[in-house]
Number of protein chains: 2
Amino acid sequence: MSSEQAHVVTIREVAAAAGVSIGTASKALNGRGKLREETRARVTAAAERLGFRPNPLAQGLLQGRTYTVGLVTGDSFGRFSIPVMLGAEDALGAGQISVFMCDTRDDPIREQHYVERLLARRVEGIIVTGRRTEPRPSIGAGLPVPVVYAMTQSASDDDFSVIPDDRGGGALAARHLLATGRARIGHVTGPERFEAARRRAEGLTDALAEAGTGPAGEPLFGEWTEEWGRQGADILLRAHPDVEAVFCGSDQIARGVSETLRERGRRIPDDVAVVGFDNWEPMVEGCRPPLTTVDMNLGEIGRIAAEHLLEAIGGAPRARGVLTVPCSLVLRESTRVS
Amino acid sequence: MSSEQAHVVTIREVAAAAGVSIGTASKALNGRGKLREETRARVTAAAERLGFRPNPLAQGLLQGRTYTVGLVTGDSFGRFSIPVMLGAEDALGAGQISVFMCDTRDDPIREQHYVERLLARRVEGIIVTGRRTEPRPSIGAGLPVPVVYAMTQSASDDDFSVIPDDRGGGALAARHLLATGRARIGHVTGPERFEAARRRAEGLTDALAEAGTGPAGEPLFGEWTEEWGRQGADILLRAHPDVEAVFCGSDQIARGVSETLRERGRRIPDDVAVVGFDNWEPMVEGCRPPLTTVDMNLGEIGRIAAEHLLEAIGGAPRARGVLTVPCSLVLRESTRVS
DNA sequence: GAAAATAAGGAATAGGTTTTCCTTCGCTGA
DNA sequence: TCAGCGAAGGAAAACCTATTCCTTATTTTC
């Protein structure tokens with residue numbers, strides 16, 4: 001890198017260096033207009049030599065575009081929103097679009113503030129993401145740019161949200177456990193007020209019903225914590241000492257469940273199989289044994305959300321409603337067939 | 001929000017609506033110039049009514065400023081870089097500066113690419129952050145904008161890096177354990193090739209030496225994993241069955257250590273105290289008992305880095321070298337005095 | 001009552017780039 | 001010989017805002 005390049009070069013200087021007018025320089029660099037090949041080469045050489053970079057502000061001003069989008073999260077860019085974000089960045093980066101990052105810390109005032117700021121900056125679209133897929137208030141109706149919700153859901157039907165298929169994820173776990181020969185399957189999960197928890201439980205129950213069976217007792221709704229996983233496992237073992245598998249609403253819960261199972265003398269996976277949800281690496285790998293779990297494909301969710309946003313920016317009619325993305329199962333020790 | 005506002009309003013329209021010239025409108029909105037109060041009010045009212053927002057591209061073009069900075073990370077915005085980022089965002093947001101997010105996935109090609117893009121976008125500064133504080137190649141010498149490394153360290157002495165005081169963190173843990181009456185203190189930590197691991201070990205050893213004692217055996221260098229924590233604890237217990245405390249290089253290691261201690265019949269904190277490093281909530285709280293740990297104050301690191309960047313942007317002479325930020329101790333059950 | 005000062009606001013310029021429209025020049029064809 | 005054409009590239013407008021410099025009208029001061 002040339003350290004003497006403190007001064008920012010403009011196309012004017014390039015034009016002067018090449019001995020042409022500004023307009024001609026622009027045409028040469030952008031492959032427009034009718035120019036002699038020699039001229040074109042002379043201009044590009046000058047631009048190269050001077051380290052010219054077109055000023056995107058001037059370009060944007062002229063074209064009325066900024067090639068930027070805003071990414072708003074309340075998750076403090078946590079475990080869920082980050083993979084989403086990375087997926088989105090992939091899709092956007094390919095389109096030469098840069099991303100403004102805004103963390104609202106789940107504060108509606110801050111959120112409003114950030115949205116204002118993004119609009120002032122003339123972003124061409126906004127992606128909203130969150131900590132859980134629960135419905136949340138719309139970020140604002142009738143905004144001048146398209147908005148896509150990813151890994152969170154707008155309460156308004158007019159908005160477009162991309163979320164994981166929790167029900168399908170539950171079913172996936174159920175069918176896997178059945179396929180490994182477990183019949184009596186318990187379920188320890190998060191608070192019932194969470195749609196995600198309810199849908200995962202439904203997926204489990206429905207898949208079992210399809211196979212002509214049912215879960216071992218009602219789903220145990222509690223907290224999204226390891227501590228609850230430990231308690232839940234105790235409750236489950238007392239009510240159903242013959243349980244053969246436990247499907248858990250999160251990897252953290254699964255970790256608590258695994259610990260209690262072990263402490264109560266159950267071997268995993270020989271006596272009891274365990275399936276988690278989230279595929280959160282540090283949890284899943286710290287588990288003993290390593291945990292089979294459902295992956296929500298967060299990156300995919302982000303990518304799809306970004307692609308929809310790009311299409312909307314491109315003028316496609318805005319999508320509405322909810323799009324669910326299939327989950328996938330990641331196999332590890334905790335459900336191995338011995 | 002008015003949904004009929006698809007068209008973006010310019011100051012020209014505001015001026016027309018208020019019956020004044022463009023220049024006057026600008027002055028009215030920015031509180032410059034000599035204007036009658038009534039005129040000023042008329043203009044602001046018109047701007048309000050039309051939903052006028054000054055175009056930042058035009059402003060930037062004119063002022064030669066963009067009020068943006070780039071944030072480059074190789075951590076995939078993981079556990080370490082996120083808090084740093086949030087701290088930075090705090091400091092920058094206050095200055096009305098927006099942040100472009102770039103994840104390099106630790107790929108130098110991508111990194112170079114992103115830096116180019118950021119410079120093309122005329123960011124006023126760049127923050128580089130990472131997964132660990134290890135020295136890394138400079139992002140480029142003689143860039144036209146100031147660069148600050150946060151939670152990572154440039155290999156070049158000409159750059160400026162802000163990192164946690166690992167040595168101090170180790171000393172903090174040591175003194176706390178001594179204060180709770182533990183004398184024989186073991187250390188299980190990450191790979192020796194990591195500067196962070198070596199410094200934490202040094203901090204421990206030095207603080208113990210100051211108190212006229214020494215650690216229980218050499219530091220056990222291994223991996224940054226729970227699995228290593230379990231193994232390390234076994235090794236430690238075999239060599240020093242009378243160990244009274246274990247200082248761990250990370251919370252994950254501490255978690256593994258705690259498990260093994262329990263399984264070997266040691267009660268925490270009654271028989272053996274445990275201190276972790278990172279204060280990573282899900283790990284620390286899933287631990288049994290909850291873990292006393294060293295917090296690197298990542299948010300503070302980000303904030304300080306951002307403040308230095310702002311100063312450099314403001315024209316202050318660029319700082320060089322390394323600035324360390326003190327760690328703090330977070331007390332929980334695992335070192336309680338019974 | 002005239003000169004000077006002040007208040008209020010308009011006109012014009014700058015900032016960097018792209019694009020549209022012109023100009024110039026050499027050449028072709030009738 | 002001259003109208004017409006294509007090639008090559010220049011001039012200027014446009015994008016939007018902030019600021020500097022003017023102009024005009026009103027008020028103050030002697």
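Given the structure is predicted, the values throughout are model-derived calculations rather than measurements. Order of the sequence lines sets the chain letters (A, B, ...), proteins ahead of strands, with each chain counted from 1.
Within the nucleic acid shown, B:T10 comes within 4.0 Å of sugar-phosphate atoms alone, with no base atom in reach, counting heavy atoms only.
At D:dA18, one or more side-chain N or O atoms of B:S26 fall inside 4.0 Å of OP1 or OP2 (strictly under the cut-off).
Only A:N30, A:R32, listed by number, bring a heavy atom of residues 28-48 of chain A to less than 4.0 angstrom from any atom of DNA chain C. Residues from residues 53-66 of chain A with heavy atoms under 4.0 angstrom of DNA chain C, sorted by number: A:R53, A:P54, A:N55, A:A58, A:Q59, A:L62.
Using a 4.5 Å heavy-atom cutoff, the side chains of B:L57 and A:T66 are in contact. Side-chain contact between B:L310 and B:I97 is present, with at least one heavy-atom pair separated by less than 4.5 Å. Taking the side chain as every heavy atom from C-beta outward, B:Q59 and B:R65 never approach each other to under 4.5 Å.
Regarding B:I22, its CD1 atom lies at a distance of 20 Å from the P atom of D:dC21, rounded to whole Å. One atom, NZ of B:K27, and another, C1' of D:dT17, lie 13 Å apart when rounded to the nearest Å.
Under the 4.0 Å criterion applied to side-chain N and carboxylate O atoms, B:E89 and A:R105 are assigned as salt-bridge partners. A salt bridge does not link B:R121 to B:E116: none of the charged side-chain nitrogens sits closer than 4.0 Å to a carboxylate oxygen. Electrostatic pairing of A:R131 and A:D106 counts as a salt bridge here, judged by a charged N lying under 4.0 Å from a carboxylate O. A salt bridge between B:R136 and B:E111 is present, with a side-chain N of the basic residue lying under 4.0 Å from a carboxylate O of the acidic one. Between B:R303 and B:E307, no side-chain nitrogen of the basic residue sits less than 4.0 Å from a carboxylate oxygen of the acidic one, so the salt-bridge criterion is not met.
Checking B:D165 against B:T324 by side-chain atom types alone, no donor-acceptor pair falls below 3.5 Å.
In this structure, B:H308 and B:F160 have tilted ring planes: the angle between them lies in the 30° to 60° band.
On the nucleic acid side, DNA chain C contacts chain A at distances under 4.0 Å to non-hydrogen atoms, with the end points of that region at C:dG16 to C:dT20.
A side-chain contact (heavy atoms from CB on, under 4.5 Å) with A:M85 is found for one member of A:V99, A:I127, A:L71 and no other, namely A:L71.
Both B:A25 and B:R122 lie near DNA chain C, and the one whose nearest nucleotide falls closer to the 5' end is B:A25.
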